[in-house]
Protein chains: 2
Amino acid sequence: MRKLPAKLASQLYGAAELIAERGLDGTKIEDIAEATGIPKATIYYHLDGKNAVLEFLLSDLLDMIAGAVGVAVSSAEDARTRLEAAVVAQLGVMLEHPFLCRALVGDLGRATRLPELALALRAAFYEPIEQLLADGVADGSLRQVPNPGAVALSVFGAITVAGLTAAVEGPSDDPSADAVRLSASISELIFDGLATRPRRGDCEPGDGA
Amino acid sequence: MRKLPAKLASQLYGAAELIAERGLDGTKIEDIAEATGIPKATIYYHLDGKNAVLEFLLSDLLDMIAGAVGVAVSSAEDARTRLEAAVVAQLGVMLEHPFLCRALVGDLGRATRLPELALALRAAFYEPIEQLLADGVADGSLRQVPNPGAVALSVFGAITVAGLTAAVEGPSDDPSADAVRLSASISELIFDGLATRPRRGDCEPGDGA
DNA sequence: TCGTATGTTGTACTGCAATTACAAACCAGT
DNA sequence: ACTGGTTTGTAATTGCAGTACAACATACGA
């Protein structure tokens, strides 16, 4: 696995949609060759095989996410605000790259069995959240919870599943607007919960139960 | 795909761990034959191939989850309480069957490409939650949110990712205790959120609900 | 200009594993 | 014992990933 020339790298993206659609199994190396215009022999010259194609595409996605989230997280705001920004950032990248997301979901199993990717996955998705939750307790902007690990995981799940689903359901014409909208819903859930009682803004106009 | 005899069905579970460990790709039909004691030819007589093995195992898991959640959901309590019960139920089944869960995560892509399973997945995980959120708004036990679909998805993600991760991380000696513990954390997140306090001009917290 | 190193690509080949074919048992139930 | 479903061993058959390799291209320094 040398470091693949830029031109080939960009051509390789032509395979993303194919893989997203049919899964890696359902995609022959020949198909990838045809879709990208890179001959099979050349693919094998640079990459170690089919998995490596997926690995290349996904590690790129994960880097983008980790990067965007990283920026969001390193502002000077309090942890709560940064978490909100991180949600927007993550969803933004995901909705920007629906095919890569679909490929990721579709071959999640393979991805988690590729050691590099497993790490990148953790780094992109889970670790920033875990950190923010800890920061939030420290700076008082988030509540202390009894089981931070489990909660971080749930928050991660809430964001990621919503984002993945949105990405899978159909590319939109304005991804970043969608990201903002979606992340507003998610943040509301994460911060304020669903219970009727501790409510913000207005008091429950309805009757007491 | 006739309905496979009970004896074979039970033997087939012997393949779950194998598939969980190595993924369906990494598992040869011969391996499955050996692990289950069912000869290859017999497997092919009853099932349509490797995918069908996975499909059988997973649809069973999903039925169990849908069943347990269904019971939890149909009690006479308010929606919030039922949602809490549903979380416990779902996590209970998941932690009870770690290998199947691992197989599910690992081959999620295949699963979602198997139409029957995709439906079962929806029915087991997502639909009950969606319903409960609506019920909760109706009976006043849950808050009205602007985008119920996205929120239901996030709640689903929060529960499922936490459960899946717990299942993947290692079988425990007391799954149902773990399920209760874990679901307490998740419910707390879902209902009360992470904000330090209900923000932005709150109804007096003391005034009883 | 040549030589060497490095990348590119076509073509043929190897090998593995899924699936299929098939025939020989093996059971009921009648 | 006959029949119709099941069970299983033993070959094929097939499709595709990965490999081998030779011919060609390009660059670059001597």
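Just so you know, these numbers come straight off a predicted model, no measurement behind them. Every chain is numbered from 1 and lettered A, B, ... according to where its sequence line falls, protein lines coming before strand lines.
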Enquirer: Measure all distances between protein nitrogen or oxygen atoms and nitrogen or oxygen atoms of nucleotides 15-22 of chain C, and list the pairs falling under 3.5 Å.
Expert:
unit_1, atom_1, unit_2, atom_2, d
dA18(C), OP1, K50(B), NZ, 2.8
dA18(C), OP2, I29(B), N, 3.2
dT19(C), OP2, Y44(B), OH, 2.9
dT19(C), OP2, K50(B), N, 3.2
dT19(C), O4, K40(B), NZ, 3.2

Enquirer: Please collect all ring pair (Phe, Tyr, Trp, His ring centres under 6.0 Å) contacts where either partner lies in residues 95-127 of chain B, sequence neighbours excluded, each pair once.
Expert: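 The answer is F125(B)-F156(B).
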Enquirer: Does the D107(B) side chain pair with the main chain of L24(B), one donor and one acceptor, at a distance under 3.5 Å?
Expert: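 Checking the backbone N and O of L24(B) against the side chain of D107(B), a donor-acceptor pair under 3.5 Å is found.
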Enquirer: Tell me, please, which residues at least two apart from D31(A) pass salt bridge (charged side-chain N to carboxylate O under 4.0 Å, His left out).
Expert: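 For D31(A) the salt bridge (charged side-chain N to carboxylate O under 4.0 Å, His left out) partners, ignoring immediate neighbours, are R22(A).
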Enquirer: Does S172(A) have any side chain to side chain contact (heavy atoms under 4.5 Å, CB included) partners at least two apart in sequence or in another chain, and if so, which?
Expert: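 Checked S172(A) against side chain to side chain contact (heavy atoms under 4.5 Å, CB included); matches are P175(A), D178(A).
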Enquirer: Compile the donor-acceptor pairs under 3.5 Å between side chains in residues 146-154 of chain A and protein atoms, sequence neighbours left out, one pair per line.
Expert:
unit_1, atom_1, unit_2, atom_2, d
N147(A), OD1, A150(A), N, 3.3
S154(A), OG, A150(A), O, 3.3
S154(A), OG, A158(B), O, 3.4

Enquirer: Send over the distance from L47(A) CG to dG18(D) C1', rounded to a whole Å.
Expert: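 Answer to the nearest Å: 13 Å.
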Enquirer: Ignoring backbone atoms, test whether Y45(A) places a side-chain nitrogen or oxygen under 4.0 Å from the OP1 or OP2 oxygen of dG7(C).
Expert: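 So the side-chain polar atoms of Y45(A) do come within 4.0 Å of the phosphate oxygens OP1 or OP2 of dG7(C), strictly under.
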Enquirer: Please report, rounded to the nearest Å, how far the P atom of dG9(D) is from the CD atom of E34(B).
Expert: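 It works out to 13 Å between those atoms.
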Enquirer: Checking D25(B) now: which residues fulfil salt bridge (charged side-chain N to carboxylate O under 4.0 Å, His left out) with it, not counting sequence neighbours?
Expert: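 D25(B): salt bridge (charged side-chain N to carboxylate O under 4.0 Å, His left out) contacts with R110(A), R110(B).
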Enquirer: Would you say T42(A) places a side-chain N or O within less than 4.0 Å of OP1 or OP2 belonging to dT8(C)?
Expert: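 False: T42(A) side-chain N/O out of range (4.0 Å or more) of dT8(C) OP1/OP2.
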